[in-house]
Each structure stands twice: as structure tokens, then as C-alpha cells.
Amino acid sequence: MTTEAAEYFSRELLGWYRENKRILPWRMNRDPYRIWVSEVMLQQTRVDTVIPYYERFMDKFPTAAALAEAPEEEVLKCWEGLGYYSRARNLQAGAQEVVGRHDGVVPDDKEAVSALRGVGPYTTGAIMSIAFNRPEPAVDGNVMRVLSRYFCLEDDIAKPSTRVSIEKLAASLIPEGAAGDFNQALMELGALVCTPKSPGCLTCPVMAHCEGRMAGKEHILPIKTKAKPPRPEVRLAALVVGTGEHAGQILIRQRPDSGLLARMWELPHVTGPAAEAGESTGDANPKKRRRSGVKSVPVSQLAREGQMDVLCRALAKEEKMLIRPTGWWGEAEHVFSHLIWDVQVYTAEFGFVLDEAAATEETAAVALDRAAEAQAGYAVLHDIQNESTMASSQVKPGEGLPPHYRWIGPEHMMNYAFPNVFLRLLREYWETVD
DNA sequence: AAGACGGGGCT
DNA sequence: AGCCCAGTCTT
């Protein structure tokens with residue numbers, strides 16, 4: 001590759017961008033906080049998906065200070081449905097760092113920006129170049145694809161070392177005084193023209209010297225090793241329908257502080273039988289047919305009762321909460337990058353919670369042993385309940401909940417952040433109830 | 001270096 | 001229905 005071809009690339013691409021760039025909400029000005037929020041939202045997420053979230057987020061948290069002092073639940077709720085929720089928590093932590101250490105102003109300093117929570121090499125480069133016009137590379141997936149093709153680079157872009165070498169290349173291509181526009185031009189080309197499948201070479205501003213196209217390799221570039229397929233997991237969920245003072249309400253719970261979907265709300269659920277065992281679905285070839293809809297995966301009544309039993313026992317053991325499953329309600333699939341949940345939802349009635357503060361160890365142990373020993377856990381709930389209440393006044397049927405549980409009606413949905421799968425299930429449930 | 005971490009679009 | 005897209009943090 002000659003330096004002329006490199007200069008041609010930078011010049012033509014920059015010219016093309018200035019004529020063809022999209023009008024986007026984060027391109028209204030160069031407020032570094034606005035750029036930062038947009039770049040974090042745009043990680044792993046398409047522009048069209050981000051726009052409405054971005055508008056709402058900036059409306060609610062217009063400055064780093066506003067974000068820093070907001071209750072975390074509000075930030076999470078604003079992020080609901082966008083995914084990768086640690087982005088939201090890291091962004092807020094970053095805003096708090098900006099307030100605490102930089103007087104509420106995003107610093108015009110590469111090392112300081114890079115040190116902010118949730119800001120890695122890409123976002124650092126994006127903020128420094130777009131907000132401050134500093135000549136730093138901002139290499140995301142688009143940029144790796146565009147440069148791999150234009151320079152016909154056959155290194156595996158899944159390797160961290162490849163990103164580093166492409167960063168050096170990208171830095172060398174930045175035209176004097178135009179870092180922000182050039183980096184955005186690279187990404188804009190990747191999003192609009194040099195797309196992953198069927199790249200639009202015929203409308204590409206730099207087609208004439210594209211080495212990948214000239215070698216006939218534009219369709220096989222970039223080289224990227226395949227990700228491991230997600231592992232399937234059966235989840236048994238309880239749609240616990242309230243009665244009496246909780247009539248018309250459903251029991252939800254909050255997830256732990258860390259890990260998958262941290263601090264989000266959900267229907268209570270437990271791990272089901274191992275997916276490859278397959279007996280519970282009665283499917284001889286579960287791997288192939290795992291994703292099939294419920295129609296093609298008949299589940300026997302016996303298997304349903306087995307799942308209800310597992311669900312009841314696991315909730316008793318894990319949460320000290322006794323429920324009585326009453327029947328199968330529906331199924332939902334939730335695909336993550338590293339796993340697939342096959343959520344089997346059962347309606348249930350609330351039994352009682354062992355009051356840990358008041359109950360003796362012995363009382364709890366006796367009740368849980370009974371639940372574990374019972375051949376049909378849900379069926380013996382009333383036995384356990386009656387015996388326990390008789391055995392000890394410290395066990396309070398129908399009273400109390402574990403601290404991370406809530407009863408909610410449809411009007412309370414707005415107060416809790418749910419992952420999409422439970423959002424869909426709950427909305428569907430409220431619809432069918434009417 | 002590999003795994004965890006969501007959700008959506010295209011064909 | 002099966003293919004693809006992907007930054008940062010943790011381990």
C-alpha cells in the first residue's frame with residue numbers, strides 16, 4: 001500500500017462523510033458528556049435502537065451531575081430493554097467520578113477519560129476525537145471491517161492483538177485537524193456502505209483503491225473466528241397470582257447485585273432439568289429442536305407435573321418460600337450471547353414464607369425436610385403449612401415476603417426495570433387477565 | 001486469552 | 001428459522 005493510496009483514502013472518506021453524514025441526536029453539538037453517553041449506548045447496539053433511548057436519557061439526565069445524583073433504579077429503568085446493563089451502572093459511576101474528581105466536567109485528557117468506569121480503548125478514542133478533536137484512533141467493529149477490507153488485512157479481528165495493530169493503522173490515517181470527522185467517517189462508512197454482508201462497493205467513495213475488493217476478497221473479509229454457541233438452559237418460572245389483598249397482583253423479585261441482569265426485576269425462577277437430558281421435553285433430539293416452538297416440542301402431562309415439583313422444591317430450598325404451582329401457562333425463549341433460556345412458566349398460588357427472623361432453625365429445617373422428602377412437593381404444601389403452623393406459631397402462613405420480593409399490579413410496571421423476556425411475559429399476562 | 005454480559009436485524 | 005452484528009470488565 002502506497003502512502004498515496006492511504007492519503008487518497010483519508011481525503012475521499014472525509015469528503016464523503018461531510019456530504020453524507022446522518023443527522024443524529026448526538027451530533028447536535030460536541031458536548032463531551034453527550035458524546036460519552038451516545039458512545040456507551042452505541043456499544044453492541046445499533047443506531048436505530050439507540051435513538052429513542054438516547055433522547056429519553058438525555059432528557060432525564062442532561063448533565064454528568066444530573067446522572068451522578070440520580071437514584072440507580074431510575075437509571076436502570078431508563079436503560080430497560082437496551083441490554084448489557086452494567087453499561088448503565090458503569091456510566092453512572094463514571095459520571096460520579098467526573099463530578100467528584102473533575103468538577104463535573106469531562107476532562108480533555110486521554111488518561112483521565114480512559115480511567116472512567118466503562119470507558120475502554122474504543123470509547124476513549126471516540127470521546128477524545130469527537131468531543132475534543134484529538135488525533136486518537138477509535139476502533140470499533142465497523143472500523144476493523146472497513147480497514148481489513150480496504151487494506152486487505154487477513155488477521156483475525158477477534159484477537160485483541162489485531163485491534164491494537166489496526167489502532168496504529170487508524171491513527172496514521174487521521175488527517176491533520178480532522179480526527180473527529182475522520183473517525184466518524186470510518187464508522188459511518190462501515191454502517192452505511194461497507195456493511196458486513198453484501199458491501200455496497202459500487203457506491204463506495206474509496207472503491208478505486210480498495211485492496212480487498214481488487215483481490216476479490218471483500219465478501220470474506222474481515223476474517224473472524226466464530227463465537228462459541230450459547231448453551232441452552234431450561235428455567236422454570238412461577239407466575240404467582242395474588243389473592244385477597246393481593247388480588248390482581250403478581251409476585252416479582254429483584255436479582256442479586258452482580259452478575260447476569262444485576263439488580264433487575266423478574267418472575268421467580270429456578271434451573272430446570274439439564275437441557276441435554278431431554279426427558280422433560282420428551283424430545284429425542286433436543287439439540288436440534290431446542291429452539292422449536294412449543295408446538296413441535298410436546299411435553300407430557302407427567303413432565304409438566306415433574307417440572308412443577310422441581311419448581312416448588314427449589315423455591316422452598318433457595319428462598320424458603322412455599323408456593324403451589326397450579327398449571328402450565330406458557331413458554332418464552334430468551335437469547336443471550338452466551339446462553340439461551342427456555343423459560344417454562346407455571347401459574348402458582350402463594351403458600352407462605354418461613355419467617356427466618358422469628359423461626360427457630362429447627363422449625364425451618366423440619367418444614368424444608370418435609371418439602372424435600374415429599375414425592376410431590378406442590379401437593380404436600382398444605383400438609384407442610386398445616387403442620388408447621390400448628391408446630392410453631394413462629395411460622396406465619398401468607399405473611400411476609402423475602403426482602404427482595406414485591407407484589408405488583410400492571411400499574412407498578414413503570415417502577416421496576418425488567419429484562420425483555422419478563423417484560424413480554426408480564427405484559428402478555430396483564431392482557432390476558434382482562 | 002477466554003468468558004461473561006443483552007438485544008436486535010437481515011435473509 | 002438460522003444467520004449475523006459487538007466493547008468492557010473479569011478471571
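With C1' as the reference atom, B:dA2 and C:dA6 are 16 Å apart, rounded to whole Å. C:dT11 and B:dG6: their P atoms are spaced 15 Å apart (whole Å). On the C1' atoms, C:dC5 is 15 Å away from B:dC5, given to the nearest whole Å. The same atom, C1', is picked in C:dT8 and in B:dG9; the two are 23 Å apart, to the nearest Å. Only the C1' atoms considered, B:dC10 is 22 Å distant from C:dG7, to the nearest whole Å.
When every heavy atom of A:Gln92 is checked against every heavy atom of A:Leu67, the shortest pair comes out as NE2-O, 3.0 Å. When all heavy atoms of A:Gly81 and A:Asn420 are compared, the closest pair comes out as CA-OD1, 3.4 Å.
C:dT8 atom P lies 13 Å from atom CZ of A:Arg117, rounded to whole Å. Going from atom CG of A:Leu339 over to atom C1' of B:dG3 covers 12 Å, rounded to whole Å. Taking atom NZ of residue A:Lys197 and atom P of nucleotide B:dC10, one finds them 9 Å apart after rounding to whole Å. C:dC9 atom C1' lies 17 Å from atom CG of A:Asp257, rounded to whole Å. For the pair A:Tyr122 OH and C:dA6 C1', the interatomic distance rounds to 11 Å; values are reported in whole Å.
A ring pair (Phe, Tyr, Trp, His ring centres under 6.0 Å) with A:His246 holds for exactly one of A:Trp407, A:Tyr405, A:Phe350; it is A:Trp407.
Atoms CG and OG1, on A:Leu116 and A:Thr124 in that order, are 8.0 Å from each other to the nearest 0.5 Å. Note: A:Cys194 SG to A:Glu218 CD = 9.0 Å, rounded to the nearest 0.5 Å.
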* For A:Trp79 and A:Phe57, run ring-ring contact (aromatic ring centres under 6.0 Å, His included): C-alpha distance rounded to whole Å, both residues' side-chain angles, the deciding distance at 0.1 Å, then the answer. => CA-CA 8 Å; A:Trp79 209 273; A:Phe57 196 94; 5.8 Å; yes
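Between A:Gln96 and A:Arg117, the closest side-chain pair of non-hydrogen atoms is not below 4.5 Å. Residues A:Lys77 and A:Glu74 form no side-chain contact, since every pair of their non-hydrogen atoms from C-beta on lies 4.5 Å or further apart. Contact check for A:Lys110 versus A:Arg134: no side-chain heavy atoms found under the 4.5 Å cut-off. A:Phe61 has its side chain out of reach of A:Val37: every pair of non-hydrogen atoms, C-beta onward, lies at least 4.5 Å apart. Residues A:Glu80 and A:Tyr416 have side chains not in contact (no heavy-atom distance under 4.5 Å, counting atoms from C-beta outward).
Residue-level contact check: A:Arg145 touches the backbone only, with heavy atoms under 4.0 Å from sugar-phosphate atoms and none from bases. A:Asp48 comes within contact range of no nucleotide atom at all, as no heavy-atom separation falls under 4.0 Å.
For the contact set between residues 30-46 of chain A and DNA chain B, defined by any heavy atom under 4.0 Å, the members are A:Gln44, A:Thr45, A:Arg46. Remark: A:Lys224, A:Lys226 in residues 218-227 of chain A come within less than 4.0 Å of DNA chain C through at least one heavy atom. Using a 4.0 Å cutoff on non-hydrogen atoms, the parts of residues 84-102 of chain A near DNA chain B are A:Tyr84, A:Tyr85, ordered by number.
For A:His334 and B:dG7, the shortest distance from a side-chain N or O to OP1 or OP2 is below 4.0 Å. Neither OP1 nor OP2 of C:dC5 sits under 4.0 Å from any side-chain N or O of A:Asn142. An OP1 or OP2 oxygen of B:dC5 is reached within less than 4.0 angstrom by a side-chain nitrogen or oxygen of A:His338.
The base of B:dG6 lies close enough to the side chain of A:Ser337 for a donor and an acceptor atom to sit less than 3.5 Å apart.
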